Undergrad: 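The structure that follows is given in the form of structure tokens.
Order of appearance sets the numbers: ligands from 1, and atoms from 1 within every ligand. Note that the structure is predicted; figures quoted are calculated from it, not measured. Below, each value reflects all heavy atoms present in this structure, side chains not excepted, and no hydrogens, waters or symmetry copies. When a residue number appears, it is its place in the shown sequence, counting from 1.
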Amino acid sequence: MEWLRSLVLPPQGSAYASQVDGLYMFLIWLSLFFFLLIAGLAIYSAIRWRHKPGDVTPHISHNTTLEVTWTIIPLFLVIMIFFWGFKGYLAASVPPGDATEIQITAQKWNWTFEYPDGNRAINELHIPLGKPVKFIMSSQDVIHDFFVPDMRVKHDILPNRYTEVWFTPTVPGKHHVECAEYCGKGHSDMAATIYVDTPKDYDKWLETGGVDPNMPLPQMGALLYQTKGCATCHSIDGTRGTGPSWRGVYGSSQPLSDGTSVMADDNYIRESILVPGAKVVKGYDNVMPVFQGLLRDREVNALIAYIKTLK
Ligand code: CUA
């Protein structure tokens, strides 16, 4: 039955995914069984006792044995399903004491992950294989929802309070994170990637931050444009988005909301990335997160180099 499971459910990436899937597949088979039974009996009865000319329907009141049977059996089935689900819910709610704690901040429209050592990353999370990870989540603005299908984890993230989820990753490689609560225009772009690393890859990532040190700056900037969430608000083709398009911005004069204007040079772009509220372009609201402390210097340089190429 594995083929059916893999047809309707994503790959199993966490230790308790198989538990969740066991219950889910039971529900599917149970539904299928009762669908066939009830539809089959209905079709059979319609043919077998089809009305013929001259027939008179006899007076039928009830059948106690039948009614008690079709009440008691489903009752025990749903009680069993409750305890099965409750067991899984408890397992998913109580993290082990030695879990690594990672802070998640959700914000329109990106994810910030903060490690215990203070390192932060946007839309990209590296975790070691086979070690439990606990996420402590909060939102900067509206309700978002941390959804990692492979891990069978889905939990709302609320402003002004913390929620938690945890899992133990069991499959190395990429796993997608989606936002599962409609949070505005960029909702469908609010995605992140979890990389489950083998111990060797994890150590390497801790050293380099995952970026090839030999990649040319403009190329690295183009990559960061996608991975750091810039693309959700800034177009590169001149289209107006939540923020100004990057096309042709370098070296141009930008009118600001306070009536003055500024030359978009390296320093202005750097400031606008690290402290977006400092000089806001006229006609736009500043909703961009502060990237100070979130980007390495070389990453800021790469973004500036990339913007220069967008003429
Ligand atoms: Cu965040 Cu939808």
Side-chain angles (χ1 to χ4, degrees), residues 9-11 13-14 17 20 24 89 92-93 95 100-115 119-127 133-167 169 174-196 210 223-236 239-246 272-277 280 284-295 299 303:
L9 294 167
S14 70
V20 175
Y24 198 87
Y89 180 79
S93 310
T100 307
E101 278 186 16
I102 289 173
Q103 209 87 33
I104 297 181
T105 307
Q107 181 174 14
K108 289 195 235 170
W109 287 284
N110 60 46
W111 307 89
T112 308
F113 300 103
E114 184 166 349
Y115 293 82
N119 248 322
R120 291 196 285 170
I122 287 195
N123 289 350
E124 187 186 329
L125 176 74
H126 284 257
I127 49 177
V133 198
K134 171 173 146 186
F135 299 94
I136 299 165
M137 313 183 289
S138 68
S139 165
Q140 292 279 311
D141 37 50
V142 298
I143 301 177
H144 301 273
D145 191 297
F146 183 64
F147 180 31
V148 196
D150 289 1
M151 307 299 176
R152 307 296 187 273
V153 156
K154 193 184 208 180
H155 209 299
D156 269 9
I157 305 183
L158 307 149
N160 301 320
R161 83 160 83 163
Y162 299 107
T163 49
E164 288 181 12
V165 288
W166 79 278
F167 57 79
K174 273 189 187 185
H175 302 277
H176 293 290
V177 177
E178 283 159 33
C179 179
E181 182 71 49
Y182 183 68
C183 53
K185 194 170 77 62
H187 163 72
S188 55
D189 293 322
M190 192 170 162
T193 307
I194 294 181
Y195 295 86
V196 175
L223 193 71
L224 295 171
Y225 170 72
Q226 296 295 341
T227 57
K228 299 293 177 186
C230 316
T232 51
C233 296
H234 300 282
S235 80
I236 52 171
T239 316
R240 186 194 162 98
T242 305
S245 175
W246 284 2
S272 297
I273 295 170
L274 299 181
V275 191
V280 180
Y284 290 91
D285 289 327
N286 174 41
V287 293
M288 179 168 152
V290 172
F291 277 77
Q292 187 103 56
L294 280 172
L295 293 174
E299 293 174 324
L303 284 168

Undergrad: Roughly, to 10 degrees, what angle do H187 atom ND1 and E181 atom O form around atom 2 (Cu) of ligand 1?
TA: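 Roughly 90°, rounded to 10°.
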
Undergrad: Which of parallel (below 30°), tilted (30 to 60°) and perpendicular (above 60°) describes H187 and Y182?
TA: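 Correct class here is perpendicular.
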
Undergrad: Are Y195 and H126, when compared by the centres of their aromatic rings, separated by less than 6.0 Å?
TA: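 Between Y195 and H126, the centre distance is under 6.0 Å.
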
Undergrad: For the residue pair F146 and F113, categorise the inter-ring angle as parallel (less than 30°), tilted (30 to 60°) or perpendicular (more than 60°).
TA: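 It falls in the perpendicular class, over 60°.
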
Undergrad: Is Y182 close enough to atom 1 (Cu) of ligand 1 that one of its N, O or S atoms comes in under 2.8 Å?
TA: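 Not a single backbone or side-chain N, O or S atom of Y182 is under 2.8 Å from atom 1 (Cu) of ligand 1.
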
Undergrad: Under 6.0 Å between ring centres, would you say that holds for F135 and F167?
TA: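 Here the rings of F167 and F135 have centres that are less than 6.0 Å from each other.
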
Undergrad: Angle at atom 1 (Cu) of ligand 1: provide the value between SD of M190 and SG of C179, rounding to 10 degrees.
TA: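 That angle works out to 110° after rounding to 10°.
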
Undergrad: For H144, what is the atom name of its N, O or S atom nearest to atom 1 (Cu) of ligand 1?
TA: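 The atom in question is ND1.
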
Undergrad: Taking backbone and side chain together, does D145 place any N/O/S atom at a distance below 2.8 Å from atom 2 (Cu) of ligand 1?
TA: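 So D145 does not bind atom 2 (Cu) of ligand 1 by this criterion.
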
Undergrad: Within the supplied structure, the quantity of interest is the number of heavy atoms (other residues, nucleotides, ligands) at a distance under 6.0 Å from Y115 OH; does it exceed 12?
TA: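 Result for OH/Y115: enclosed.
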
